[in-house]
Amino acid sequence: MTSVDILRTPDELAEAERYTAHNYHPLPVVITEGEGAWVTDVDGRRYLDFLAGYSALNFGHRHPGLIAAAHAQLDRITLTSRAFVHDQFAEFCRSLAELCGKDLVLPMNTGAEAVETAIKVSRKWGYQVKGVPDGQAEIIVAADNFHGRTTTIVSFSTDPDAKADFGPYTPGFVVVPYGDEAALREAITPNTVAVLMEPIQGEAGVLVPPAGYFAAVRALCDEHNVLMVADEIQSGLGRTGRTFAIEHEGVVPDMYVLGKALGGGIVPVSAVAADRDVLGVLKPGEHGSTFGGNPLACAVGGEVVRLLATGEFQRRSAELGEHLHARLNALIGHGVVAVRGRGLWAGVDIDPALLTGRQACERLAERGVLAKDTHGSTIRLAPPLVVTREEIDHAFEQLAAILA
Ligand SMILES: Cc1ncc(COP(=O)(O)O)c(C=O)c1O
C-alpha cells in the first residue's frame, strides 16, 4: 500500500456506526476475508485472530471440511422445520449424543436459546420428577456468570451493564460466589432443581475454579437430587485441551449446554445433551424452534462432531496451550499481573498502570493481532485451535512489545 491509497476502513466504520444500535464497541478493524487463524481487512492488512469468535471459530476460519459440508448441504436442502424429519437430523443428534456420552440431544440455534432450554428442562424435571411444588423451582448460578442475553438470563447476571434497566426480572435464581463450596451447600433448598455454571468463566476473565470445586458441586447435586448443568458454550468443544472443560475436574454433569463452535463458525448451532430421565420430560408442543436442528445446521454440526471425534483439536489445544501459557507466564512481572486458563484459552491481567484491556487490544490490532478485553485490564486470548506454534510466538511477541 502506498501513501496515496485511500483507506476504506474509516468510511466502513462510520457507516456501520451510523446504521446500527451501539450495543457493541468494536475495534476499528473491518474484516473482509478469513482463512485458518488469519483474517484480512478491507485495506489488505492481515491479522492473527486471537479471539476466534469467542470460541465459535475453534476450527479456524473456513475449515475446508466444514465448508465442504456446508456447500454440499446448500445444494440439497437447507430448511424443513421440525414439522418434518430430514435426513441429516438423526446422524447429527446420534453423533453429538455419543460425543457427550448422553442418551439424547435437543438442538437449538444460539447459546442463549440452549441455556433457556436447560432452564426450562431443569424446571420441568423439578416439578415432574423431583416433586418440587408448582412455581417454586430454584436454580443456583454463580456470581460473575455469563450465559447470554435473554431477559430471563440477564435476570441472574451480576454484571450491571448486562442487567440494569432490563427488568422486571425473572425470579427463581439464587446467586452464589463462584468456587465457594460452603456457599453452594448453604444455598441448596428442597426446591433447588439445578446448579447452572460455566466450568471456566469466560466473560469474567477466564476464571478457573479452585481445584476440587466441581467435584464438590457434583457431590452436593447427588446428595440433594439436583441437576448439575455445565454451560460449555465457550469452554467446550476442544477449547481447553479436552472435549469439555469439565473433564479437567473429573466429573460428568447431568446436562451439557453447547453452542458457538458447534456451528463451525458457519451457522448458529446450539444444543443441550442429557440422559432420557432428564430430557425425556419434554413432550411435543412444549418447546421448540423454527430453525433448531435445520438441515444446514445438522450437516455442519455433524462435521464438527466428526472433527472432534478424531481428538486432534483437543490434542493441539493441550500441547499448544502449554506453550502459550509458558510464554505468557514469563511476562508476569513484565507488564502482566496474572495469567489464567487452560489449553488455548488465556485470561491475561495487564498491569493497570500500563494499559486498560481496551488499550492493549487496540495496540495489538495495530500490530496485527486481534484480541478482546473482558473487564478492566484483562484481555482474553483464544486463537483458533488450528493456530501454529509459530503463529502463537508471533502473537506473543506483539504482546510483549506493547508491554515493553
Ligand atoms: C458461557 C456462555 N454461555 C452462553 C453464551 C451465549 O451464547 P450466544 O451469544 O450464542 O447466545 C455465551 C456467549 O458468549 C457464553 O460464553
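Counting starts at 1 for both ligands and their atoms, in listed order.
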SB check R123 D134 (cutoff 4.0 Å): no

For atom 13 (C) of ligand 1, the protein heavy atom that lies nearest, with its residue and separation: K260 NZ, 2.9 Å

Any protein heavy atom < 4.0 Å from atom 7 (O) of ligand 1: yes

Pairing of K120 and E116 as salt bridge, 4.0 angstrom limit: no

N-O pairing of D159 and K163 below 4.0 Å: no

N or O pair under 3.5 Å between G148 and ligand 1: no

Sub-3.5 Å N/O-N/O distance, Q234 and ligand 1: yes

Note: D349-R340 ion pair, threshold 4.0 Å (strictly below): yes

Electrostatic pair R342-E249, nearest N-O below 4.0 angstrom: yes

Side-chain ion pair, R315 and E312, N-O less than 4.0 Å: no

Shortest protein contact, atom 3 (N) of ligand 1 (heavy atom only): D231 OD2, 2.7 Å

Residue G111 vicinity, atoms of ligand 1 by number, heavy atom under 4.0 Å: 7 (O), 8 (P), 10 (O), 11 (O)

Nitrogen or oxygen of A112 less than 3.5 angstrom from that of ligand 1: yes

Atom 15 (C) of ligand 1: the protein heavy-atom neighbour that sits closest, reported with distance to 0.1 Å: F146 CD2, 3.8 Å

